[in-house]
Amino acid sequence: METNEIPGTGAQSHGYEEAEIPAVDLEDEEVSTGTVAAGRRRGVSEWHQVGKHLLRNRGAVIGLIIIGIFVIGAVFAPLLATHNPIQNNLTMRLQGPSSTHWLGTDALGRDLFSRMLYGSRISLNIGLISVAIGVAVGVPIGAISGFYGGKLDIFTQRIIDIMIAFPGILLAIIVVTVLGVGVQNVMIATGIASVPIYARLVRGSVLAAKEQSYVEAARAAGLGDASIVFRHILPNCLAPIIVQSTFQIATSILWAAGLGFLGLGAQAPMPEWGAILSDGRAYIRTAHHLTTYPGLAILFMVLGFNLLGDGLRDALDPRSRGN
Amino acid sequence: MYQYIARRLLLTIPVIFGVAILVFSIIRLIPGDPARAIAGVQASPEFIEQVRARYRLDEPLPVQFGIFLGDLARGELGRSTFSRRPVATEIGERFPRTFLLATTALVIATIVGVSAGIVSATRRNSMFDNVSMLFALVGVAAPVFWMALMLQLLFAVNLRMLPATGIGTWRHLVLPSITLGMASAGLMARITRSSMLEVLRQDFITTARAKGLNERFVIYKHALKNALIPVVTVMGLQFGILLGGAVLTETVFAWPGIGRLLVDSILRRDYPVVQGTVMLMAFLFVIINLVVDITYAFLDPRIHYQGEAGE
């Protein structure tokens, strides 16, 4: 009952005790909430309600469908691809869309549709892994900082302030500058760039949760700090983390595509969307499909996660669920 | 209030100091000899030794950092390894162009975003509301470099209405600033709309309406003033997004600002310029957020900062 007083944290108010699995299984939210709900006796009604509310939200459903299509494309890329994504065919350079090459070919005669299918693998991977890095580093920092307070908190907050001083994609650019180009480094870079966001968010939630009576009860029961933070407080802060992660996947995908476009991300011949777009730029006057379609793919994937994020934010907020 | 401002100002010092440490670290963290990184890939062995002596690269890191801070304070940022000109000159030449681009984009985003948000909120669920919210979603989700290319294709290549790249006249500014402002406009429209809807539900609006005040007067005089507070707070953040977006927009439109300078310098391994540009961008962002926070404190009298000061 008391958890319902904190906006956005009431969804997992009781019984839900697995702190280790936030956000990573977002790819298929509907299924994962269902499984979690099935596994937790007292959590059932909460997760069920969230799922029901989510499915009644038109935007969220559209988002889920968009993400679903990309996930299917990514998982079954080898089966769905009509051509080898990295094999050159110089007799078929810069062809427009046709029945053999559905989205046309690029300057080296490679099939754009097949390249983009494999590209969705790269983008989804970057989104998920960078968010996993951000959560794995940012959440404990925020939790410890908020829970212990004092000098430690002041110190970590200043570190976070410094990271936040680099606007948007800039921190990721700096990290790539130091680590060097490549998809792996892009994941690390976008992951690091999202750490301060999680640290801030979780610190705030922990500060609010710390004062709740269930924490006092846990302490009275003789539980240690670690157990209170990870088994009792963090599960109650899960809702904002899930919502943020959904949006963060979208942001990471955008940043990674930007880095790829600048030549700081995936390197040839890897079919990363930003890099495909960048290669296609030179032919924009004669073969604009090389820039149009990868851009649309990025747009839709980002849109899908943003729509899902909006829906999750409403569904996980008991106040708006009441209406 | 003044205590809050003083505290906020004080907190800025360690942040700028920390940013300086991070920027200082870039050259030391990249693999290889920092002296070579500062001198340039093609520098002669003698020149590399000169650089090593000048920046005391053989001495402990704190000494090196002291040299770095001293240089920074005097605006002495070293020389570009590419053009051989002082970094400060390179940046000074380009910064006004980025500033012009970002400010124009911010103005466009504010005008378009805030007005679309107000109309959407007052005509909730209307055709206008649905269409403008769809645009807002797409504006936020579309990659800025792709938007840039599509606008170029449409207005410069196909319609031949505006120049595709370069600088000079106001016509060169149109496409880059619209591209850059698009995402911010979408975000501002959404924030203005939800904030306006929140305010319109409040008791004082009902009271104002009950008094028989004209609906326009209620919306523009009573509601808007309160609804804009969250919009002002995100403007600082917007400026950051714009600076980040400028890196991509300037690259596509061949706009010779600091964003393009940063990308070119990274690709050329021109580390002194990278350092200077990154330092400037972060410094600007910190100062702008400081100004926004202080403005916010003046705008919203409900907030008291004693609690935070006691931490």
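If you're wondering where the values come from, they're calculated on a predicted model, not measured in any experiment. Labels below follow one simple rule: chain letters A, B, ... track the order of the sequence lines, proteins then strands, and each chain is numbered from 1. Computation of the quantities below employed the complete heavy-atom set of this structure, encompassing side-chain atoms and omitting hydrogens, waters and symmetry-equivalent molecules.
- Of all the heavy atoms in A:Gly263 and B:Leu267, the pair that sits closest is O-CD2, 4.4 Å.
- Between B:Leu248 and A:Gly258, the shortest heavy-atom contact is CD2-O, 3.7 Å.
- In A:Gln184, the CD atom is not crowded: 12 or fewer heavy atoms of neighbouring residues, nucleotides or ligands sit closer than 6.0 Å.
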- Message: Assess the residue pair B:Val278 and A:Phe166 against the criterion (side-chain contact (heavy atoms from CB on, under 4.5 Å)); give the C-alpha distance rounded to whole Å, side-chain angles, the decisive distance to 0.1 Å, and a yes or no.
- Response: CA-CA 8 Å; B:Val278 168; A:Phe166 296 93; 3.5 Å; yes
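- Of the listed residues (B:Gly244, B:Pro31, B:Gly18), the greatest number of heavy-atom pairs within a distance under 4.5 Å of chain A belongs to B:Gly18.
- Heavy-atom minimum distance, A:Ile162 versus B:Pro14: CD1-O, 4.1 Å.
- What you find for A:Ile164 and B:Phe285 is that their closest heavy atoms are O-CE2, 3.3 Å.
- Within the 4.5 Å cutoff, the side chain of B:Trp146 has heavy atoms near those of the A:Leu296 side chain.
- When each of A:Thr292, A:Leu170, A:Leu264 is checked for heavy-atom pairs under 4.5 Å with chain B, A:Thr292 comes out on top.
- For chain A, the option among B:Ile16, B:Val140, B:Val252 with the highest count of heavy-atom pairs below 4.5 Å is B:Val252.
- Residue A:Arg121 qualifies as enclosed at atom CZ: its count of foreign heavy atoms under 6.0 Å is above 12.
- Heavy-atom pairs under 4.5 Å with chain B peak, among A:Ile159, A:Ile253, A:Ile173, A:Ile284, at A:Ile284.
- For the options B:Ile241, B:Ile21, B:Ile266, heavy-atom pairs under 4.5 Å to chain A are most numerous at B:Ile266.
- Heavy-atom distances place the side chain of A:Asn306, and not its backbone, under 4.5 Å from chain B.
- Between the CG atom of B:Leu149 and the NE2 atom of A:His288 there is a distance of 12.5 Å, given to the nearest 0.5 Å.
- The line from CG of A:Leu262 to CG of B:Asp264 is 10.0 Å long, rounded to the nearest 0.5 Å.
- Neither the backbone nor the side chain of B:Val144 has a heavy atom closer than 4.5 Å to any heavy atom of chain A.
- In this structure, B:Phe95 places its CZ atom where more than 12 heavy-atom neighbours from other residues, nucleotides or ligands lie under 6.0 Å away.
- For chain A, the nearby part of B:Leu262 is the side chain; its heavy atoms alone come within less than 4.5 Å.
- Interatomic distance, CG of A:Asp161 versus OG1 of B:Thr12, reported as 8.5 Å (0.5 Å rounding).
- Counting only heavy atoms from C-beta outward, the side chains of A:Asp310 and B:Leu137 approach each other to under 4.5 Å.
- At a 4.5 Å heavy-atom cutoff, the contact between B:Arg190 and chain A is made by side-chain atoms alone.
- Only the side chain of B:Tyr271 comes within contact range of chain A, judged by heavy atoms closer than 4.5 Å.
- Counting all heavy atoms, side chain and backbone alike, A:Val178 lies closest to B:Ile30 at CA-CG2, 3.7 Å.
- Enclosure of atom CZ in B:Phe65 by more than 12 non-hydrogen atoms of other residues, nucleotides or ligands within 6.0 angstrom is indicated.
- Contacts between B:Leu29 and chain A at a heavy-atom distance below 4.5 Å involve backbone atoms as well as side-chain atoms.
- No more than 12 heavy atoms of other residues, nucleotides or ligands lie within 6.0 Å of CZ in B:Arg36, so this atom counts as exposed by the packing criterion.
- Proximity to chain A (any heavy atom under 4.5 Å) is shown, for B:Val15, by both the backbone and the side chain.
- Heavy-atom distances place no part of A:Ala250 under 4.5 Å from chain B, backbone and side chain included.
- Heavy atoms of B:Leu22 lying under 4.5 Å from chain A belong exclusively to its side chain.
- For a residue to count as touching a neighbouring chain, one of its non-hydrogen atoms must lie under 4.5 Å from one of that chain's; by this rule B:Ile26 touches chain A with backbone and side chain alike.
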